[in-house]
Amino acid sequence: MSGYSGGGKIVGLFSRKNLKLAITDYGPMLFGLRIPGFIRIHIRYIFGNPFVWAVLFLAPFVIGLFTVSSFARNVLKFEMNGWQVFLTVLFLIALAFYFAERNRTFRKIYVRAIPAMILINGVFIYIFDIESLFGGLVVFAILALLPAWLLGKLSMGMGYRMLSNGADRHYRPGRDLYMAGQYEQAFLHLEHSAKRGHMKSLYLIGHAHEHGNGRDLDRVKAARFYDKAAKKGYRKAQPAYERLFEDFTPEEVAAFETDLNMSGVNDLF
């Protein structure tokens, strides 16, 4: 089991499998080929709760405009034009939002980064644009401390739940149907969210393959789904993966190692 954890995972970061994943799964998004899907996601959030969406996406985007511009001008000594700043910040925030919805660990980082961005921007204003010490402290409190506190409460409370619910939109009905034994109807929901990288859905499909619940009894495939869910940050998935792998026959170990060439989640279906 030790060959698949710890340092082995770090060494495998730049494996052919992961490089292929970067090209086939994330490459199209990075080059803007998934813009329609990106727009649909944000329309769904706006209709769900426009105020919370503004805290999660619009606020860090606006703050990022000021922060990047100030950092480039005062630290890098480089004056970026408006479109350069706009496109750079849009790309960074959109990419961060994308991963925040799909990975629990990064989601926690993202919602905490929103008040941190406000404080960083306030520090830039205080250091570079304000000369009066007392007046600077007042402006810093008004423009940085108070907004950081307010938006931090919203982003780490309602915002975090909204990102979690967005990721769980198809999982929850799928989970309920699965627990009721209505497997075929359950997989209509679970596979949809699993293909988007939803960790709980990946775990549950692994469970289905391990126990033969509506899917072929296939312990190797179950381990692959558990492994994907664990790498997304789902805590229950790692023990399930390790338990299953430790019980593998030599033939199953060989089959699992062959399956390591799979590049992305969609290859598992």
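E242 contributes atom CD, which lies 10.0 Å from atom CG of D227 (distance to the nearest 0.5 angstrom). S201 contributes atom OG, which lies 11.0 Å from atom NE2 of H189 (distance to the nearest 0.5 angstrom). Atom-to-atom distance recorded for L188:CG and Q182:CD is 11.0 Å, nearest 0.5 angstrom. Taking NZ of K200 as the start and NZ of K236 as the end, the distance is 9.0 Å to the nearest 0.5 Å. Between atom CD1 of residue I114 and atom CG of residue L154 there is a gap of 9.5 Å, rounded to the nearest 0.5 Å. Between the CG atom in L217 and the CD atom in E210 there is a gap of 8.5 Å [rounded to 0.5 Å].
Figure legend: R107 and Y160 shown as a cation-pi pair, the cationic atom lying under 6.0 angstrom from the six-membered ring centre and within 45 degrees of its axis.
The shortest non-hydrogen separation linking I205 to A194 is CD1-CB, 3.7 Å. F248 and A223 get closest at one heavy-atom pair: CZ-CB, 3.7 Å. Between A230 and Q238, the shortest heavy-atom contact is CB-OE1, 3.2 Å. Nearest heavy-atom pair across V111 and S155 is O-OG, 2.9 Å. Closest of all the heavy-atom pairs between P115 and G152 is CG-CA, 3.8 Å. Scanning both residues, A229 and L202, for their nearest heavy atoms gives CB-CB, 3.9 Å.
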Begin with the C-alpha distance, continue with both residues' side-chain angles, and end with the deciding distance and a verdict on side-chain contact (heavy atoms from CB on, under 4.5 Å) for R224 and R219. CA-CA 9 Å; R224 295 294 296 143; R219 301 203 310 167; over 6 Å; no

Pair F187-Y178, side-chain contact (heavy atoms from CB on, under 4.5 Å): steps then yes or no: CA-CA 8 Å; F187 291 123; Y178 183 84; 4.2 Å; yes

Next on the checklist: For Y45 and V52: C-alpha separation, side-chain torsions, deciding distance, then whether side-chain contact (heavy atoms from CB on, under 4.5 Å) applies.
Outcome noted: CA-CA 8 Å; Y45 275 88; V52 177; over 6 Å; no

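Counted within 6.0 Å of CG on D216, heavy atoms from surrounding residues, nucleotides or ligands total 12 or fewer; the atom is thus considered open.
Two residues are said to be in side-chain contact when any heavy atoms from C-beta on lie closer than 4.5 Å; R215 and Y183 fail this criterion.
Aromatic rings from F256 and F245 are positioned such that their centres are separated by under 6.0 Å. A centroid separation of less than 6.0 Å is found between the aromatic rings of Y226 and Y203.
Applying the ring-ring contact (aromatic ring centres under 6.0 Å, His included) criterion to F86, with sequence neighbours excluded, gives F61, W83.
When the side chains of ILVMFWY residues are joined at heavy-atom separations under 4.5 Å, either directly or via intervening members, L177 and M179 end up in two distinct hydrophobic clusters.
Remark: D247 does not engage R243 in a salt bridge, criterion side-chain N to carboxylate O under 4.0 Å.
In this structure, R175 contributes its side chain and Y171 its backbone to no donor-acceptor pair below 3.5 Å. For the pair Y110 (side chain) and L56 (backbone), a donor-acceptor distance under 3.5 Å is present.
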